[in-house]
Amino acid sequence: METLEYLMKKLKQKKIDDAVLTFSANHSRQIKFANNKIVKTGVEELRNIGIFVVKDKKILTTNCHDLIGESGLSNERGDFLEPNKKGMDKLVRKIFEFLKLMQPKKDYYGINEKKFKYKEIGNTYDPKAINIDEVDYAERGINAALKEGARRTNGILEVHDVKSTVLTSNEIMFNEKRSELYFSIRSLIEEDESGHMNSLSTSLKKFNVEEAGKTAGKIAKDSRNPSKGSKGNYDIIFGPMAIIPLLNIVGEGASIFSVEAGLSFFAGRQGKKVGSPDITLYDDGRLDGGVNSTKADDEGVATRRNVLIEKGIFKQYLHNTSTARKYKVESTGNAGLISPGPWNIVVERGRLSLPEMIKEVKNGIYVTNVWYTRFANYHSGDFSTIPRDGTFLIKNGKVIGSLKNIRISENILRLLKNVDCVGNKARYLRSWEARIPTLTPPILIRNCKITAPTS
Amino acid sequence: MYDGYADFALKFLEKNNVQYGEVRLEEHEEEGLILKNGTAEVSGFDHSIGMGVRFLLNNSLGFVSINRFEKDSIKKNIMKAIRVVRNGNRLSEKVRLSEELPYKKIYKVMQKVKFKDIKLSDKIELLHETDSGARNAIGRYLSLSSDISKKSLLTTEGTRIISEIPRANFTFFLTLKINGKSSQKYWQLCNSGGYEHVKKWNLPKYILDEYKAIEKNLKHARKPPREKIDVVVGPEVTGIMVHESVGHPFEADRIFGREAAQAGESFIHKNMIGNRLGSEIVNVVDDPTLENSAGFYLYDDEGVKARRRFLIKDGKINEFLHNRETAAEMNVKSNGAARAEDFDKEAIIRMANTFLLPGEYSEEELIEDIKLGVYIRDYTEWNIDDKRFQQKYVGGDAYLIKNGKIRYPVIKPVLELTTPALWNSIDAVGKNIEYHTGTCGKGEPMQGVPAFLGGPSIRIKDIKLG
């Protein structure tokens, strides 16, 4: 990558302290469908150079898109053959004019210097995945849902082929490439009768549109004739789609950046009990076949599996090199140069199947999906979220009907403490409101507060 | 220099015999800085440019987004998109677009004080001054940024709209903890125009007032009444109510189910024009042409001339928000609501600036008749179901009203009610209209666009707090 090397040389000539350059190229295709019909097809080719520069503890970030012109001279693979020197020299001048007017971040302590021996991660790129007939796959998913009883299906199928190169001022350079397949389908019958399921995979083998369609169709069929729910306290089984927005917030709350900004309910809780002994949760940068898996983080630290909650005890915050040095710990391999964050969230499996979990509930609700999760206070963890799609009333171990018009009004720490059991079958998902891919089984949480409209 | 590529893409579409072709070239010049707990966390600038190309072929819709400005690459991606459209044709919705006049216009929102004339160091100092008023908060996150958005829209029907809209943005998160209890507020300010708006916001005073309101509530608030009471909500709360429970369900693409997978549908159906949704004093509009607003534009991203949309008139459903596709579906003209987050997203139906029209009363007059009630100035948590029927707003800065007077702060009063119950319970509308800012999220893939959410204070009768 001559372009990155040229840009780095120019920055070093100006005596920067640290720099990280990231080139990314994304080729994507997309099928959006509504009411069983394709309403839009999309094709995308986007390229970018992300630039992170530090001088005298002043941190500057910028992106570079306008070098990618005809003068950028690239070949078919997306590599630059020859740097656009004039454009880059101008950009470097602008960076230094900008730096002059900035102030230092007093608690900045540098980027990674260590050269790791990276171990490749399994199943992150599958050439078969990026060459699928996207129309055919969307149709298969739609048909599976219709066969199960759905009348209308809506959703999206995306194919991504992403390549990136990172170069740091400490002469660390590495390449990543990733294929990604995403299918999201919502099945609807009559008003308030619906089901939703996604499939997310880096490989074609694990991409199962039929299973997602069938599951969405079945949830919709089972949710027929819902009645209005009543407020009160219920034991809730959160299906994987329903729990991932909350697990995403748990993962983000583990970032030291969130803690410092007042946006984490884990502030001051390292080593303390935050949940029941039945919950163990990881951040895993090396998850086999993980959509966000990467051998190294944004500054070249080798990624790893980090235990966040072990049997209810909050173990550690997520750090990059600078924040780790500030708190005198080791980087967890989660840079984010500004804000460390989780790669893939993984919940350790339990022992019961979903039907067995339902049998454990006397007065409860099985929630298959939630929507519009909003926090009143990220520091305390108070929030509410709205069950949507199949929402099932459980009495004495049996599902006896479906519900609508309810809201879960709760606190995230209370939920973690009330986890009673985790299922034995996990799904790997991402969704509209949960952007961090998450591998989780259903989770049974006791004594959750349900509210409903007062008028 | 990039306009030539837009013309090239349009000609290439024509050469490939599309029924309709559209090229949207978007350029953003952004600058921003973040202060976290009194420390300059990061500053930066960004210059991005790219092209969104949309076309109809055999009445199927195709879209290409690209920021690689090479003619071969543009051709290759358009051809790839044509192949995908042809492949999907057997399953495609047959899209029609309403007939609209093609315009050729150039317009620009002026920066009275140009962003580039204000030194970054002065902006950092302003944030430090702003931060100092809240320094006892345990979490302070302040962000100040500007974005100059330049667009060229070209269509095969002859439309050619060139626009430049600068925007100033400020966002904050404050977290206070007093005697073991914490409270938090997130809010944003945005205007189209230049740095003059940042000056008008008077950020140091604004944040100090917000800090004091949270502090007062944490120190002195008591539980709100449990019985049925009258509630007065201030413009911040009216704005989010109007946005969530009127603006969204009036988006015609939701009504036709196009966004059902994620953003959701609507409890309103296409044959409900003229139906009553609220009391006679409820009038709600959405107006992209409001000067200096967050959601300002004069032509939408399909080139349709923007106008004020009267969503609820005298309590009745009056019109929906349309793009050319839903307008054709309902045999009406588009009212210019198509908007995209950036070049790489398709334009979909969006609110611009949605607000309740003002009535006759001062806020004091709304309160003076109330024997027992609650006044809610702002909110923390809120949400609404995906058909926009049942919603929740949790008050932040809120007070007990007794015998027509504001008494003491109350702890987090919760309004949890349905949309018809809300708008039919309004018996008085204030004249103190304010416009607040939100980033409205919709679509799959998700798109966030700036919008004003506004209105005056309103009185809601006989409500039981949740």
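Below, each value reflects all heavy atoms present in this structure, side chains not excepted, and no hydrogens, waters or symmetry copies. Quick caveat: nothing in here was measured; it's all calculated off a predicted structure. By convention in this document, chain letters (A, B, ...) are assigned in the order of the sequence lines, proteins followed by strands, and residues within each chain are numbered from 1.
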Out of [options], which one racks up the most heavy-atom pairs below 4.5 Å with chain B?
| options | value |
| --- | --- |
| A:Glu134, A:Lys58, A:Glu139 | A:Glu139 |
| A:Val53, A:Ile51, A:Ile95 | A:Ile95 |
| A:Asn36, A:Ile338, A:Ile156 | A:Ile156 |
| A:Arg152, A:Lys231, A:Glu158 | A:Arg152 |
| A:Ala34, A:Gly155, A:Ser384 | A:Ser384 |
| A:Lys40, A:Arg407, A:Lys105, A:His379 | A:Arg407 |

(request) Could you tell me which of B:Gly443, B:Ser73, B:Gly62 has the largest number of non-hydrogen atom pairs under 4.5 Å with chain A? (result) B:Gly443
(message) At a heavy-atom distance under 4.5 Å, which candidate from B:Leu465, B:Asn87, B:Asp344, B:Leu174 has the highest pair count against chain A?
(response) B:Asn87
Give a yes or no on whether a salt bridge exists between [X] and [Y], defined as a side-chain N under 4.0 angstrom from a carboxylate O.
| X | Y | result |
| --- | --- | --- |
| B:Arg68 | A:Glu45 | yes |
| A:Asp192 | B:Lys387 | yes |
| A:Glu260 | B:Arg140 | no |

Given that the side chain runs from C-beta out, which part of [X] has a heavy atom under 4.5 Å from chain B: side chain, backbone, both or neither?
| X | value |
| --- | --- |
| A:Leu337 | neither |
| A:Asp133 | side chain |
| A:Thr385 | backbone |
| A:Ala267 | neither |
| A:Leu99 | neither |
| A:Pro104 | backbone |

Does the side chain of [X] reach to within under 4.5 Å of the side chain of [Y], using non-hydrogen atoms?
| X | Y | answer |
| --- | --- | --- |
| A:Ser409 | B:Lys392 | yes |
| A:Glu191 | B:His269 | yes |
| A:Arg186 | B:Asp386 | yes |
| A:Lys37 | B:Arg258 | no |
| A:Gln30 | B:Phe63 | no |
| A:Leu46 | B:Ile66 | no |
| A:Asn63 | B:Ser48 | no |
| A:Tyr378 | B:Tyr186 | no |

Under 4.5 Å heavy-atom distance to chain A, tell me which part of [X] shows up: side chain, backbone, both or neither.
| X | result |
| --- | --- |
| B:Glu325 | neither |
| B:Ala137 | neither |
| B:Tyr393 | neither |

(message) Among residues at least two apart in sequence or on other chains, which ones pass side chain to side chain donor-acceptor pair (under 3.5 Å) with B:Glu93?
(response) none
For [Y], does its backbone N or O pair with a side-chain atom of [X] as donor and acceptor, under 3.5 Å?
| X | Y | result |
| --- | --- | --- |
| B:Asn383 | A:Tyr372 | yes |
| B:Asn77 | A:Glu44 | no |
| B:Asn67 | A:Arg47 | yes |
| B:Ser121 | A:Leu101 | no |
| A:Thr62 | B:Phe45 | yes |
| A:Asn377 | B:Ser182 | yes |
| B:Gln184 | A:Gly262 | yes |
| A:Trp371 | B:Gln262 | yes |

(message) For a quick test of reading the model, state the closest non-hydrogen atom pair linking B:Ala263 to A:Trp432 and the distance between them.
(response) CA-CH2, 3.7 Å
(request) Check the surroundings of atom NZ in B:Lys94: do more than 12 heavy atoms from other residues, nucleotides or ligands lie under 6.0 Å from it? (result) yes
(request) Please say whether more than 12 non-hydrogen atoms of neighbouring residues, nucleotides or ligands are located less than 6.0 Å from NZ in A:Lys326. (result) yes
(message) Would you say B:Glu41 and A:Gln103 are linked by a side-chain donor-acceptor pair, where the criterion is simply a distance under 3.5 Å?
(response) no
(request) Find the distance between CD1 (A:Ile31) and CG (B:Leu91) and round it off to the nearest 0.5 Å. (result) 9.0 Å
(request) List in chain and number order the residues that pass side chain to side chain contact (heavy atoms under 4.5 Å, CB included) with A:Asn198, two or more places apart in sequence or in another chain; answer none if no residue qualifies. (result) A:Tyr182, A:Ser184, A:His196, A:Met241, A:Leu429, A:Ser431
